[in-house]
Amino acid sequence: MKKLVLATSNKGKVREIKELCSEYEVVPYTDLIDAFEIIEDADTFQENALIKARAVYKALGDENAIVLADDSGISVDVLEGAPGIYSARYTGEGADDKENLQKLMQDIKAKGVTSSPAHYTAAIAIVTKGIEKTVHGWMHGEALTEAKGEGGFGYDPMFVPLGYEKTLGELDEKVKKELSHRSQALKLAGKILKSL
Ligand SMILES: O=c1[nH]c(=O)c2ncn([C@@H]3O[C@H](COP(=O)(O)OP(=O)(O)OP(=O)(O)O)[C@@H](O)[C@H]3O)c2[nH]1
Ligand SMILES: [Mg+2]
């Protein structure tokens, strides 16, 4: 089984990527080396994913390692695309998922609406010897001003995917597995991984 090293410290992503890449041995980099801070200072999901994958590839010191990073976020139409690449830091550095979720619901409410079209984006970067590749996936839907359910992570309790009437917090996890920005991007990443 080929080993994939994940350049992430987000447990929700690790859980989903393990589920979605079951034909690989998926290992978070923190199982191999000490966690270190990676500054995600680019202005696109794509570049931030590359920053994370390159940093971990270099730190591992194993030129044959295959490193995969995910940079993702939610963009809300009524907020002109915010929080976007700032989704993890919406309430500031070190913000937690619950604070970010509350702020996003309040900011949408402050626009005088109870919901807004929104979408998630995931950029996946793969870095290995002589190779740097990126792919994207998206999931469209509606962001609510009320959180419902406990499933998923992050903003999922306030997000209703297009074609559904319940949030990702309430829906069976199979729905997110099929539809999500991350699963769409990983389907494309799978083609790259097979060619390595
Ligand atoms: O409800 C959600 N369901 C998802 O499927 C999802 N995907 C991304 N997000 C949000 O976007 C931020 C990513 O920021 P991000 O890519 O920098 O990740 P992160 O900082 O959490 O971990 P790392 O991979 O950088 O170590 C995360 O914190 C989440 O708030 C999601 N929220
Ligand atoms: Mg991050």
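Both counts, for ligands and for their atoms, begin at 1 and track the order of listing.
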Heavy-atom gap His181 to ligand 1 smaller than 4.0 Å: yes
What part of Phe153, side chain, backbone, both or neither, has a heavy atom within less than 4.0 angstrom of ligand 1? both
Atom 30 (O) of ligand 1: which protein heavy atom is closest, and how many Å away? Tyr155 CE1, 3.2 Å
When you measure from atom 21 (O) of ligand 1 to every protein heavy atom, which one gives the shortest distance, and what is it? Asn10 ND2, 2.8 Å
Contacting atoms of ligand 1, where contact means under 4.0 angstrom from a heavy atom of Arg182: 4 (C), 5 (O), 6 (C), 7 (N), 8 (C)
Do Lys2's NZ or CZ and the ring of Tyr24 fall within the cation-pi criteria of under 6.0 Å and 45°? no
At what distance is the nearest protein heavy atom to atom 3 (N) of ligand 1, and which residue and atom is it? Asp156 OD1, 2.8 Å
Got an N, O or S from Glu40 under 2.8 Å of the Mg ion (ligand 2)? yes
Is there a heavy atom in Asp71 that sits closer than 4.0 Å to ligand 1? yes
Measure the distances from the heavy atoms of Met139 to every atom of ligand 1 and state whether one is below 4.0 angstrom. no
Would the number of heavy atoms belonging to other residues, nucleotides or ligands and lying under 6.0 Å from CZ of Phe36 be above 12? yes
When rounded to the nearest 0.5 angstrom, what is the spacing between CG in Asp71 and CD1 in Ile124? 9.5 Å
Among all the protein's non-hydrogen atoms, which is closest to atom 28 (O) of ligand 1, and how far away is it? Ala88 CB, 3.5 Å
Nearest heavy atom to atom 11 (O) of ligand 1: which of Pro157, Gly12, Ser72 does it belong to? Ser72
Under 3.5 Å, is there a donor-acceptor pair between the side chain of Gln184 and the main chain of Glu178? yes
Output the distance between atom OH (Tyr120) and atom CG (Asp156), rounded to the nearest 0.5 Å. 4.0 Å
Does Lys187 NZ have over 12 foreign heavy atoms under 6.0 Å away? yes
Reported CD1-to-CD1 distance for the pair Ile126 and Ile192, which is rounded to 0.5 angstrom: 4.5 Å
Is the CG atom of Asp31 crowded by more than 12 outside heavy atoms at less than 6.0 Å? yes
Pull out every atom of ligand 1 sitting under 4.0 Å from any heavy atom of Glu40, numbered as shown with elements. 17 (O), 25 (O)
For Gly152, state whether at least one heavy atom is located under 4.0 Å from any atom of ligand 1. no
Tell me the nearest of Glu16, Lys13, Lys176 to atom 4 (C) of ligand 1, using heavy-atom distances. Lys176
Centre-to-centre under 6.0 Å for Trp138 and His140, is that the case here? no
Looking only at distances, please establish whether an N/O atom of ligand 1 is found under 3.5 Å from an N/O atom of Ile74. no
Atom OG in Ser116, atom CG in Asp77: separation rounded to 0.5 Å? 5.0 Å
Going by heavy atoms, is Asp70 under 4.0 Å from ligand 1? yes
Spacing of CZ belonging to Arg182 relative to CD1 belonging to Ile17, to within rounding of 0.5 Å: 6.0 Å
Among Thr121, Ile85, Thr167, Thr8, which one has a heavy atom closest to atom 23 (P) of ligand 1? Thr8
Give me the residue, atom name and distance of the protein heavy atom closest to atom 26 (O) of ligand 1. Ser9 N, 3.0 Å
State the atoms of ligand 1, each with its element, that fall below the 4.0 Å cut-off from a heavy-atom position in Lys52. 15 (P), 16 (O), 17 (O), 23 (P), 24 (O), 25 (O)
Any N or O of Asp97 closer than 3.5 Å to N or O of ligand 1: no
For Glu132, I'd like to know if atom CD has over 12 heavy atoms of other residues, nucleotides or ligands within 6.0 Å. yes
